[in-house]
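Notes follow the structure.
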Amino acid sequence: WGKEGHIMVCKIAEKYLSEKASAAVQALLPESAGGELSTMCPWADQVRWHYHWASPLHYANTPEVCNFKYSRDCHNSRGEKGMCVVGAINNYTEQLYNYGKKTSYNLTESLMFLAHFVGDVHQPLHVGFAEDEGGNTIVVHWYRRKTNLHHVWDVSIIDTAIKDFYNKSMDTMVEALKMNLTGGWSDDITHWENCKNKRSTCANDYAIESIHYSCNYAYKDVEQDITLGDDYFFTRYPVVEKRLAQAGIRLALILNRIFDGDEADG
Ligand code: ADE
Ligand code: ZN
Ligand code: ZN
């Protein structure tokens, strides 16, 4: 996601944090965050070129197949295992279990990376095809503007929705998503939260969902130089909304499990 997508995911997560998790997050956040996790959620993109080893941790790609297999797909360009978005979520979660203990990890950075990557694994094209770099090499027109398919899903669909549906206000869009979570989606939340892995996360499942959405929605009926407009927007926008909401709910679930202790289930 772009900056707005990450902020929205974390604004939703903040609402679903337990008291203990919220206190731990407050304690870990840098002063500059003003006590809000959401302000730090785009951070991992801002340091992407400085922490260039972390660049492959934003995504995972498959060899043009519509399924995700950790052993096959979770690696960087040098073939190092675990160097993808799924491995990163599990790794930073594991680091954060050291909260309150003596540790050499910088848990402030662990938290900021984790919050960002849980957002990214829900962006369908962050689990796309290696061949086209998750849509980055597919040139499209978004209405009249030239861009690429990856950027359409990171930014353009969200921007168009904010402009056309929400009076140009991201906060209004977040409120609408929160309303859906207490209304139409309230019965879905327990399914979204269903994660049997106690100590690890279900990031692998979220990546599998993403590659399915990539095949069935993002890549579907798209080719080089195509123009995408209303038809594409109105059929794909519901997927974007749902993925942002799921990411927020699941980030809260992961943080609640970490900071509420091993007994709690979020
Ligand atoms: N670079 C290469 N593949 C990518 C992907 N799926 N998402 C974001 N950046 C990428
Ligand atoms: Zn992206
Ligand atoms: Zn990212």
Side-chain angles (χ1 to χ4, degrees), residues 1-10 13 37-70 72-80 82-92 109-140 142 147-159 203-204 206-220 222 228 236 239-240 243-244 246-248 250-251:
W1 307 112
K3 194 172 171 181
E4 286 172 331
H6 283 289
I7 292 173
M8 290 194 281
V9 166
C10 288
L37 177 60
S38 57
T39 60
M40 297 313 297
C41 289
W43 171 82
D45 281 330
Q46 289 151 19
V47 299
R48 199 159 167 170
W49 309 116
H50 185 68
Y51 286 30
H52 87 236
W53 51 270
S55 200
L57 302 183
H58 294 252
Y59 59 88
N61 290 321
T62 79
E64 273 194 293
V65 293
C66 297
N67 57 66
F68 172 80
K69 287 202 164 53
Y70 187 90
R72 182 192 64 203
D73 303 327
C74 192
H75 54 77
N76 60 15
S77 57
R78 287 153 59 190
E80 291 166 311
M83 293 295 281
C84 83
V85 66
V86 175
I89 291 169
N90 290 332
N91 181 45
Y92 289 116
E109 289 197 357
S110 308
L111 172 65
M112 297 194 297
F113 274 130
L114 177 65
H116 182 94
F117 295 144
V118 173
D120 274 345
V121 79
H122 284 83
Q123 203 281 50
L125 287 175
H126 275 240
V127 190
F129 300 152
E131 160 100 305
D132 54 52
E133 297 173 17
N136 272 298
T137 65
I138 302 177
V139 175
V140 301
W142 182 248
T147 178
N148 69 65
L149 186 63
H150 188 92
H151 190 263
V152 165
W153 282 78
D154 266 352
V155 172
S156 309
I157 295 174
I158 291 172
D159 272 359
N204 197 69
Y206 311 155
I208 292 168
E209 293 170 354
S210 271
I211 187 67
H212 290 157
Y213 283 117
S214 285
C215 289
N216 297 331
Y217 291 88
Y219 287 125
K220 193 163 194 290
V222 173
L228 302 175
R236 273 62 169 185
V239 175
V240 169
R243 292 306 270 168
L244 293 170
Q246 285 181 324
R250 287 160 168 176
L251 174 58

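This structure is a prediction, so every number in the text was calculated from the model and none was measured. Start at 1 and go down the list; that is how both ligands and their atoms are numbered.
- Within the 3.5 Å criterion, the main-chain N or O of Gly119 finds a donor-acceptor partner in the side chain of Trp1.
- A distance-only check finds no donor-acceptor pair linking the side chain of Asn91 to the backbone of Gly87 [under 3.5 Å].
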Go ahead and list the nitrogen or oxygen contacts between ligand 1 and the protein that come in under 3.5 Å, distances to 0.1 Å, or just say none.
| from | atom 1 | to | atom 2 | distance (Å) |
| --- | --- | --- | --- | --- |
| ligand 1 | 3 (N) | Asn61 | ND2 | 2.8 |
| ligand 1 | 6 (N) | Asn61 | OD1 | 2.8 |
| ligand 1 | 6 (N) | Leu125 | O | 3.0 |

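- Looking at residues two or more places apart in sequence or on another chain, you find a salt bridge (Lys or Arg N to Asp or Glu O under 4.0 Å) between Asp45 and Arg48.
- Aromatic rings of His6 and His116 (six-membered ring for Trp) have centroids within the 6.0 Å cut-off, being under it.
- Listed by chain and number, His126 NE2, His150 NE2, Asp154 OD1, Asp154 OD2 are the protein N/O/S atoms closer than 2.8 Å to the Zn ion (ligand 2), with waters left out.
- Under the 3.5 Å distance criterion, the side-chain polar atoms of Ser210 are matched with a main-chain donor or acceptor of Val121.
- Taking the six-membered ring for Trp and thresholds of 30 and 60 degrees, His126 and His150 have ring planes inclined between 30 and 60 degrees apart.
- Put simply, the side chain of Val222 reaches to within 4.5 Å of the side chain of Leu228, judged on heavy atoms.
- Glu209 pairs by the salt bridge (Lys or Arg N to Asp or Glu O under 4.0 Å) definition with Arg243, Arg250, not counting sequence neighbours.
- For the ring pair (Phe, Tyr, Trp, His ring centres under 6.0 Å) with Phe129, the lone residue among Phe68, Tyr219, Tyr59 that qualifies is Tyr219.
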